[in-house]
Protein chains: 4
Amino acid sequence: MTRSAPIAARGPFGQQAHELGKSARTRARLMDAATGLFARQGFEAASVNEIAKVAEVANGTFYAHFRDKEEIAGAVAFRIAEEVVRQLDAAMAEVDEAVERTSMATRRFIDLAASEPDWGGALFRAVWEFRDLREGVITYLRADLQRGVTQGAFTTEIDDVLIDTFSSMTLGALFSRLQGTHGPEAACRVAELQLRMLGVPAARAKAAAWREIPPLRLTIIPLAKGG
Amino acid sequence: MTRSAPIAARGPFGQQAHELGKSARTRARLMDAATGLFARQGFEAASVNEIAKVAEVANGTFYAHFRDKEEIAGAVAFRIAEEVVRQLDAAMAEVDEAVERTSMATRRFIDLAASEPDWGGALFRAVWEFRDLREGVITYLRADLQRGVTQGAFTTEIDDVLIDTFSSMTLGALFSRLQGTHGPEAACRVAELQLRMLGVPAARAKAAAWREIPPLRLTIIPLAKGG
Amino acid sequence: MTRSAPIAARGPFGQQAHELGKSARTRARLMDAATGLFARQGFEAASVNEIAKVAEVANGTFYAHFRDKEEIAGAVAFRIAEEVVRQLDAAMAEVDEAVERTSMATRRFIDLAASEPDWGGALFRAVWEFRDLREGVITYLRADLQRGVTQGAFTTEIDDVLIDTFSSMTLGALFSRLQGTHGPEAACRVAELQLRMLGVPAARAKAAAWREIPPLRLTIIPLAKGG
Amino acid sequence: MTRSAPIAARGPFGQQAHELGKSARTRARLMDAATGLFARQGFEAASVNEIAKVAEVANGTFYAHFRDKEEIAGAVAFRIAEEVVRQLDAAMAEVDEAVERTSMATRRFIDLAASEPDWGGALFRAVWEFRDLREGVITYLRADLQRGVTQGAFTTEIDDVLIDTFSSMTLGALFSRLQGTHGPEAACRVAELQLRMLGVPAARAKAAAWREIPPLRLTIIPLAKGG
DNA sequence: CATGAATGAGCATTCATTCAT
DNA sequence: GATGAATGAATGCTCATTCAT
């Protein structure tokens, strides 16, 4: 069977593996493959055999790197979340105001996830399925919300229900984006609604949430040598 | 294999089947069984064989009543949604103010669904999986939100993103309730946050959302004769 | 369930049952239904449930009349063969010459069976599957062939292989007719080839086999009262 | 479970697999198993599980080698037909006279197929079920018949009905051989009848069809190492 | 006799996982 | 590490057959 191009090697994990050993590269390819398949078909429907085929390794090889499907799902989710949080954090390093930080975080999270549907889909599923991961992301969120209270911008208590609700709103919008139900403006609208909910005056909420912000895209470093 | 009691016969569908024919009773038991399993494991993971086993019928019997898994899922979802909407609607027949209607709907929807975890879980999955069903429920929601605008209580436009976001908030809270993450007060808190988001002043939102309301429970008619 | 017309009651067995008791009529309807289904889908693929549904009786009723699927298949085959032989025999009562009898038998058998595809198909399957039935039909055939030898028209010995081969030729042509591979003239051609094989001079064979013969159709007596 | 001998490894495909890889050997065993079962029970009645059991592999293994039952049936049929045609063709390479070729083809086809009942049975079913395969074999037949006309030996037109009828005669005889109804002489007798049908004078037909011909057997290379 | 719900073995097929090479 | 053939339990679904009514 001749397969002309090592497509799988193009994914984000594979790409960062250019100077790793063969073993790490294989692992990266498996994660790339899994990312795409989980996102497109969900965890249940993606078979290990298919992951291996897309990764262009023998199916048995999968088990040299991951104990089972569960494990690779966790690894994929963790890796994505890590990356997303890292980029989000970097992009907001110099923003102080909680109103800005909060709306930017929501908008960028959605845009980021939607810009790379494989990642976004997998991330969505992952946040859904792995409570731990959710907790991780939430830590950042809580800090920003708390900051808003301290700054006097938010007028409601930052409790667990608020955090969960805030997250649900963001994830709901992401889901609609991924489904194609709503366009890019949905992110702004949700951010606006979140600010309103937090107690930001309507006009201020609208202004902040719809303000133009420089686009952000997942940086992708091409693989030096394919496969 | 020791199975202590005909559990399946206890479900809400089976219970209403006390004077139906044998066939309808079996169908009801299958729906009860499916309801529980879909709620606990989701549509994919619940196998027809297991549904049949829980319903205490032979696996082939399933197919005398439903064409396939898809069909029973639809039947379960429809039946639950119907019931929930019916009860919600009845309970709010005499409430005119949108602020009250909106917060009551959210709170009661969550309480109702959480009071019968099987139903609630299945409903949650169903709303998730069957867009049609979601649309149906949303119709009621949109009407109440629009009413709030007309009454001057809500200060934001009622667009699709708002509706989706509102739904996400409710479903998110329901999910947490079903998971045990939050207690009954979560429903009030979310209702409050929704009102804030819609533009209701903080004090009014809090008052309306936390006001004591008479409890509502899915009425369950016990089976006259077990099995 | 409202089903407008008792279609099944229109079949040849049902039709002759107009003055029989209810039980016999049910049996006839089952046989009609089975005839059609066996012919269209074969013995394996026709399910008892479907036979019962087409016959418009409950599936359990089937077993009040036939021990199993095998038995109804035998009954159907036997009944058809009987009818075909009866009609063939009647139509040739006054033909004495073996050359005529032989070619007429082949042609009429094919035409008859092809004229009523349900019957024909079932007959074909049956002859194939039930050796006994084949033997029955063959008795007539052997008599005619023997007669030809006695009359000096056929120059080859009438042994078992000849009989089988003769039958294969006829059945092969019937099969092609039922498949639509060949048209009505195939029956003549096969009859001609059979005569040649038996030793009839080419010209005589051709003349006899292609001579116009009055058409023959399975007589169908309509049911006095449907159902 | 006591299973006395690895029967499956004895089949013609398995036997030629002695120096193939493990995968090819398993495939061969599956084809051997399928050949026997198709021949004995027909395509419908032979289950994949049974094929796997006879081949002494797990049922899932089947699907690593064939997409479905259809595919293995095609593979078996093709392989057999190919082999039979190849051997038949080789054996008649130097025979020029159509009378000889025709009768030899019929006799050898029957003998060959009957000599290896599994193959023969499967071949019979296959010719029956796969029109394509039939067409392939028929091409050779048509050429020989045409040659007879050219040589002035056959006095009838070579049309489609003739070809079909000729085939039916051969297949009918093969069927009887496989059933045990007739002995080896049936092949000669049918060949004789075919020649008579084609217009060969009775004496010549008899002489040609019953002439001693060197036996031919499907060459079978024993497996070097069992299993 | 007729009914039709119920049965349960059986079927084709999938897939996570193992293991000899 | 990597391979890929093999495994076998499990799944959705069909259907001949039984039996209480």
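Every chain is numbered from 1 and lettered A, B, ... according to where its sequence line falls, protein lines coming before strand lines.
- Considering only heavy atoms from C-beta on, A/Phe62 comes within 4.5 Å of A/Leu30 through its side chain.
- The shortest distance between side-chain heavy atoms of C/Val48 and C/Phe66 does not fall below 4.5 Å.
- Mapping heavy-atom proximity under 4.0 Å, the span of DNA chain F touched by chain D runs 5' to 3' from F/dA5 to F/dA9.
- Taking D/Ala58 as the reference, D/Thr61 meet the side chain to side chain contact (heavy atoms under 4.5 Å, CB included) condition, with sequence neighbours excluded.
- With a cut-off of 3.5 Å on both pairing distances, the Watson-Crick and G-U wobble pairs of DNA chain E assemble into stems of 3 or more at E:2-21 with F:2-21.
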Check: protein-nucleotides 1-4 of chain E nitrogen or oxygen pairs below 3.5 Å:
{"unit_1": "E/dC1", "atom_1": "OP1", "unit_2": "C/Ser23", "atom_2": "OG", "d": "2.1"}
{"unit_1": "E/dA2", "atom_1": "OP1", "unit_2": "C/Thr26", "atom_2": "OG1", "d": "3.1"}
{"unit_1": "E/dA2", "atom_1": "OP2", "unit_2": "C/His65", "atom_2": "NE2", "d": "2.5"}
{"unit_1": "E/dT3", "atom_1": "OP2", "unit_2": "C/Ala58", "atom_2": "N", "d": "3.3"}
{"unit_1": "E/dT3", "atom_1": "OP2", "unit_2": "C/Thr61", "atom_2": "OG1", "d": "2.9"}
{"unit_1": "E/dG4", "atom_1": "N7", "unit_2": "C/Asn59", "atom_2": "OD1", "d": "3.3"}
{"unit_1": "E/dG4", "atom_1": "N7", "unit_2": "C/Gly60", "atom_2": "N", "d": "3.0"}

Q: For the pair B/Thr35 and B/Arg79, evaluate side chain to side chain contact (heavy atoms under 4.5 Å, CB included) and give the outcome as yes or no after the intermediate values.
A: CA-CA 10 Å; B/Thr35 302; B/Arg79 187 70 172 67; over 6 Å; no

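- Spacing between atom CD1 of D/Ile72 and atom C1' of E/dA12 amounts to 14 Å, rounded to whole angstrom units.
- Looking at residues two or more places apart in sequence or on another chain, you find a side chain to side chain contact (heavy atoms under 4.5 Å, CB included) between A/Ser47 and A/Asn49, A/Glu50.
- Minimum heavy-atom separation, B/Ala39 to B/Ala122: CB-N, 3.4 Å.
- Among residues two or more places apart in sequence or in another chain, the side chain to side chain donor-acceptor pair (under 3.5 Å) test is passed with D/Asn59 by none.
- Of the residues in residues 42-52 of chain D, those lying under 4.0 Å from DNA chain E by heavy-atom distance are D/Ala46, D/Ser47, D/Val48, D/Asn49.
- Rounded to an integer number of Å, the gap from A/Glu70 CD to E/dC15 C1' is 15 Å.
- Remark: A/Ala34 pairs with A/Phe38, A/Ile51, A/Ile72, A/Val76 by the side chain to side chain contact (heavy atoms under 4.5 Å, CB included) rule, at least two apart or across chains.
- In plain terms, the two heavy atoms of B/Arg27 and B/Ala75 that are nearest each other are NH2-CB, 4.1 Å.
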Q: Just do the side chain to side chain contact (heavy atoms under 4.5 Å, CB included) check on C/Val54 and C/Arg29 with the steps written out, would you?
A: CA-CA 9 Å; C/Val54 171; C/Arg29 288 158 64 115; over 6 Å; no

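- Applying the salt bridge (Lys or Arg N to Asp or Glu O under 4.0 Å) rule to pairs touching residues 60-69 of chain D yields D/Arg67-D/Glu71, sequence neighbours excluded.
- Legend: residues meeting salt bridge (Lys or Arg N to Asp or Glu O under 4.0 Å) with A/Glu70, ordered by chain and number and at least two apart, are absent.
- Legend: residues meeting side chain to side chain contact (heavy atoms under 4.5 Å, CB included) with B/Ala45, ordered by chain and number and at least two apart, are A/Glu44, B/Gln41.
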